[in-house]
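Just follow the structure's listing: the first ligand is 1, and inside any ligand the first atom is 1. Owing to the predicted nature of the structure, the values given are computational and were not obtained by experimental measurement. Numbers here are sequence positions counted from 1.
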Amino acid sequence: GVVMHVRKVVVPVAGWGTRSLPATKNLPKEMLPVFRKPAVQYIVEEAIQADLSDVVFVNHQNKTIIEDHFDYNLALESVLERTDKQELLKQVREVAEMVNIISVRQKHQLGLGHAVLCAREVVKQEPFAAIVGDDLMFSSMPGIQQLIEVAQAENMAVVGVVPVSRDKVSSYGVIDAEEIGPHMYRVKDLQEKPDPERAASNLAIVGRYILTPDIFDHLEELNTPDRRDELQLTEGLRAMARKDRLLAVKLQGMRFDIGNWVDYLTANIYFGLQDEEVRDDLVQRLQELLPCPE
Ligand code: G1P
C-alpha cells in the first residue's frame, strides 16, 4: 500500500494556562522561557526534526505573540546589526526562518478537541500530527517521529503515552490498552483525567498524536451546537478506539509538562546543566540551596 505521509503539525495554543497563573495572566504559557527559548520553540524544533513542513497554530486573539516569535523582528534585527551582535542576530533570524507557519483562530475556548476541529479546513483529507504547545519531550529520536514511524508502518492513528505515578493520572488522558509489541499498544478505550481509583492504567497521553482525518467526523458528531462543556480530543479518540483504529506508543525520552511547576523548573535546570557556559555556576548555586548532607 501507499505509505502514509505526514506533513502538517497542528499545535493548539489557545488555552488559558490557568495552571501557570499568575505568570500567565498576560503571557501565553507556551511563551514561558525554558532556559534560552520559549517552550513552544522546542515543539516547533521537534516538528522540524521529524521533517514536518507546516506548523498550524490554533490560536486565540490575545496570544498572537506566539506567531510573532516565528516571524522577523526588523526593529530588533536592525539594532543587533548596528551594534554588530552577529551571533544574536543569527539566532533571532533563524527562528523566523525555521518553518512555514499557518495560523487558525479558535474563537471560543471549547477545549482541545474543538481546537483540532478548527484546523479541519487547513488539514483537509491528510493524516496529520498534533502536539500540545506546553508538553515537552526530549530524546535522540523526537517523540513525534517515534509516532510517525508506527503510524506509517501500521497505517493507523497513534497516540504517545508515558507511564506516570498513579496520583498524577487525573491530570492527563489515560489509555485502556493491550500490549501488542515492544512499547506498542492497541487502544481499547480512553479516559480523560480519571480519578486515580478508577484509572484503567497509568499510561498518560503526552500531548503527541498522529491523527487520520476521520477524527474530524468523530469530533463533529460530539460537537452538539448547544454544548457548553469542553470538547475533548480524548472523546474523539474513543470513537477511533471503538473501531479498532487507534494505537499507542510508549515514548522514550525526557518529558516536561510545562504547566506543572516542578516539571517547568526541572526543564530549566536540565538545559542549564547541558550548557557549558552556565553548568558549573549553576551546580554551585544549586548546592548552596540544598541542605548539606549530615
Ligand atoms: C490535554 C489532553 C490530555 C493530555 C494532555 C497532555 O490536557 O486533554 O488528554 O494528557 O493534554 O499534555 P490539558 O493539559 O490540555 O488539560
Q: Looking at K90 and E94, is any side-chain nitrogen of the basic one under 4.0 Å from a carboxylate oxygen of the acidic one?
A: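 Yes.
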
Q: Just the distances, no angles: every ligand 1 N or O to protein N or O pair closer than 3.5 Å, one line each.
A:
from, atom 1, to, atom 2, distance (Å)
ligand 1, 7 (O), K193, NZ, 3.4
ligand 1, 8 (O), E192, OE1, 3.4
ligand 1, 8 (O), E192, OE2, 2.6
ligand 1, 9 (O), G173, N, 3.0
ligand 1, 9 (O), E192, OE1, 2.8
ligand 1, 9 (O), T234, OG1, 3.4
ligand 1, 10 (O), G173, N, 3.0
ligand 1, 10 (O), I205, O, 2.8
ligand 1, 12 (O), D135, OD2, 2.8
ligand 1, 16 (O), K193, NZ, 2.6

Q: Side chains of residues 31-45: which donor-acceptor pairs under 3.5 Å do they make with residues two or more places apart or in other chains?
A:
from, atom 1, to, atom 2, distance (Å)
R36, NH2, D275, OD1, 3.4
R36, NH2, D275, OD2, 2.8
K37, NZ, E45, OE1, 3.0
K37, NZ, E45, OE2, 3.3
Q41, OE1, H69, NE2, 2.8
Q41, NE2, E45, OE2, 3.0
Y42, OH, V34, O, 2.7

Q: Side-chain polar contacts of residues 121-130 - donor-acceptor pairs under 3.5 angstrom, sequence neighbours left out - could you list them?
A:
from, atom 1, to, atom 2, distance (Å)
K124, NZ, E121, O, 3.3
E126, OE2, R7, NH2, 2.7

Q: Where do Y270 and F256 land on the ring pair (Phe, Tyr, Trp, His ring centres under 6.0 Å) test, with the steps shown first?
A: CA-CA 10 Å; Y270 173 79; F256 303 109; 5.3 Å; yes

Q: One thing to verify: whether D135 and R208 come together as a salt bridge, which I'm taking to mean a side-chain N less than 4.0 angstrom from a carboxylate O.
A: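 Salt bridge absent between R208 and D135.
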
Q: Under 3.5 Å, side-chain donor or acceptor atoms of residues 155-170 against the rest of the protein: list the pairs with distances, not counting sequence neighbours.
A:
from, atom 1, to, atom 2, distance (Å)
S165, OG, D167, OD1, 2.7
R166, NH1, A199, O, 3.3

